[in-house]
Amino acid sequence: MKPIQGLLLASVFASALAGAAVLKTDPAKSSVSATFTQMGVPVEAKFKQFTAQIDYDAAKPAASKANVEIMVGSFDLGDAEYNKEVTKKEWFNAAQFPKASFVSSAIAPAGAGKLNVSGKLTIKGRSANVSFPLTVKADGGKQVFEGALPIKRLAFNIGEGEWKDTSMVADEVVIKFRVTAGQ
């Protein structure tokens, strides 16, 4: 290859990469939580540790990708005993399955500031294809991605044995997230 062709090829390659860059998540302005009903009372608990890799290009949202990993042992119900309980085998089994994950397979525009996201959600060793809407907006040079994903906890084997009874803890759970990220 001649030097000029090499420079041209490198320039084209660099230009192709310039539009798509992995955004850096701002943990102080990001959150992941789960909302569910226990004995008829709504409960919201936060996951204190998670990572989000978002490769987003507003001009080409269909080329975007997202990968989120949540440390299930960081689930905080606001009480040390409850927090310890949910890491056990009957619930998240954090010793065997320390992470839950979501990997996108498609991100499609759905109107101004809206996207439809599809991908694979894996919790406690069980995977399911999921789809959900999310909003995206610019805020001070960063992008803010917000959404909610309803799931059935029993589909992921969360709540084994006596905890399969949905009269105590409802089967419906909504995973809510807000991820703020930028260059």
Side-chain angles (χ1 to χ4, degrees), residues 20-37 43-58 60-77 83 86-111 113-139 142-160 169-183:
V22 175
L23 302 177
K24 183 176 179 182
T25 302
D26 182 345
K29 294 183 178 179
S30 301
S31 63
V32 176
S33 65
T35 302
F36 56 94
T37 304
V43 176
E44 183 168 5
K46 295 186 184 293
F47 290 95
K48 290 185 168 186
Q49 296 176 341
F50 62 92
T51 60
Q53 289 185 309
I54 301 171
D55 185 348
Y56 179 70
D57 182 350
K60 299 178 189 171
S64 301
K65 298 176 185 171
N67 183 353
V68 178
E69 288 189 340
I70 299 169
M71 301 302 295
V72 297
S74 73
F75 195 58
D76 184 9
L77 287 153
N83 293 349
V86 297
T87 64
K88 293 181 179 176
K89 183 182 184 297
E90 295 80 13
W91 291 101
F92 284 120
N93 194 357
Q96 187 174 354
F97 305 103
K99 296 177 185 176
S101 66
F102 171 77
V103 178
S104 69
S105 57
I107 298 176
K114 296 180 182 181
L115 300 169
N116 285 326
V117 180
S118 299
K120 187 169 298 255
L121 177 66
T122 303
I123 305 172
K124 202 174 175 182
R126 293 189 176 197
S127 296
N129 292 320
V130 298
S131 295
F132 56 93
L134 68 79
T135 61
V136 60
K137 65 181 178 183
D139 183 17
K142 295 186 178 184
Q143 300 291 330
V144 179
F145 303 89
E146 288 186 280
L149 170 61
I151 66 166
K152 302 281 188 180
R153 69 176 176 87
L154 295 178
F156 294 95
N157 211 26
I158 300 170
E160 296 181 48
V169 178
D171 193 20
E172 294 78 21
V173 175
V174 177
I175 301 168
K176 297 179 184 177
F177 59 90
R178 175 187 172 95
V179 176
T180 301
Q183 297 291 352

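Worth saying up front: this structure is predicted, and the values here are computed from it rather than measured.
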Asks: Between OG1 of T37 and CG of D171, what distance do you get to the nearest 0.5 Å?
Replies: 11.0 Å
Asks: Can you list everything that forms a side-chain contact (heavy atoms from CB on, under 4.5 Å) with K60? Sequence neighbours excluded, please.
Replies: D57, A63
Asks: Using side-chain heavy atoms (C-beta onward) and a distance below 4.5 Å, is N116 in contact with I107?
Replies: no
Asks: State, yes or no, whether a side-chain contact exists between V136 and L115 at a heavy-atom distance under 4.5 Å.
Replies: yes
Asks: Is there a donor-acceptor contact under 3.5 Å from the side chain of T135 to the main chain of K114?
Replies: no
Asks: Enumerate the residue pairs fulfilling salt bridge (charged side-chain N to carboxylate O under 4.0 Å, His left out) with a member in residues 88-105, sequence neighbours excluded, ordered by first and then second residue.
Replies: E69-K99, E85-K88, K89-E160
Asks: Assess the residue pair I158 and I123 against the criterion (side-chain contact (heavy atoms from CB on, under 4.5 Å)); give the C-alpha distance rounded to whole Å, side-chain angles, the decisive distance to 0.1 Å, and a yes or no.
Replies: CA-CA 8 Å; I158 300 170; I123 305 172; 3.5 Å; yes
Asks: Which value, rounded to the nearest 0.5 Å, describes the distance between S33 atom OG and I175 atom CD1?
Replies: 9.5 Å
Asks: Grab the two heavy atoms, one from L23 and one from A181, that are nearest each other, plus how far apart they are.
Replies: CB-CB, 3.6 Å
Asks: So, taking the atom named CE in M71 and the one named CZ in F50, what distance separates them when rounded to the nearest 0.5 Å?
Replies: 13.0 Å
Asks: Considering only distance and modelled atom types, tabulate donor-acceptor pairs under 3.5 Å from the side chains of residues 125-133, sequence neighbours left out.
Replies:
| residue | atom | partner | partner atom | Å |
| --- | --- | --- | --- | --- |
| S127 | OG | T122 | OG1 | 2.7 |
| S131 | OG | S118 | OG | 2.9 |

Asks: Indicate the atoms forming the closest heavy-atom contact of T87 with N83, along with that distance.
Replies: CG2-O, 3.4 Å
Asks: With sequence neighbours excluded, what pairs up with F145 under the ring-ring contact (aromatic ring centres under 6.0 Å, His included) test?
Replies: Y56
Asks: Would you check if I54 and V179 make a side-chain contact, meaning some heavy-atom pair closer than 4.5 Å?
Replies: yes
Asks: Enumerate the salt bridge (charged side-chain N to carboxylate O under 4.0 Å, His left out) contacts for residues 172-183, please, sequence neighbours excluded, ordered by first and then second residue.
Replies: E146-R178, K152-E172
Asks: If the condition is side-chain contact (heavy atoms from CB on, under 4.5 Å), which residues does F36 pass it with, not counting sequence neighbours?
Replies: Q38, V43, F75, L77, V169, V173
Asks: In chain order, what residues pass the side-chain hydrogen bond (donor to acceptor under 3.5 Å, both in side chains) check against S105, with sequence neighbours excluded?
Replies: none
Asks: Go through it in stages, so that I can follow the logic: the residues are I151 and F156, the test is side-chain contact (heavy atoms from CB on, under 4.5 Å), and I'd like the CA-CA distance, side-chain angles, deciding distance and then a yes or no.
Replies: CA-CA 9 Å; I151 66 166; F156 294 95; 4.1 Å; yes
Asks: Verify the neighbour count for atom NZ of K65: are there more than 12 heavy atoms of other residues, nucleotides or ligands below 6.0 Å?
Replies: no
Asks: For a quick test of reading the model, state the closest non-hydrogen atom pair linking R153 to A170 and the distance between them.
Replies: NE-O, 3.0 Å
Asks: Taking the side chain as every heavy atom from C-beta outward, state whether F177 and V68 have any atom pair closer than 4.5 Å.
Replies: no
Asks: Quick one: CZ on F47 to CZ on F92, what's the gap to the nearest 0.5 Å?
Replies: 4.0 Å
Asks: Is there a donor-acceptor pair closer than 3.5 Å between any side-chain N or O of S104 and the backbone N or O of A66?
Replies: yes
Asks: side-chain contact (heavy atoms from CB on, under 4.5 Å) with A108: which residues, sequence neighbours excluded?
Replies: none
Asks: Answer yes or no: is there a donor N or O on one side and an acceptor on the other, between the side chain of K124 and the main chain of W91, under 3.5 Å?
Replies: yes
Asks: Could you list the residues that satisfy side-chain hydrogen bond (donor to acceptor under 3.5 Å, both in side chains) with D26, not counting sequence neighbours?
Replies: K142
Asks: I'd like to check the side-chain hydrogen bond (donor to acceptor under 3.5 Å, both in side chains) partners of K48; sequence neighbours left out, ordered by chain and number.
Replies: D76
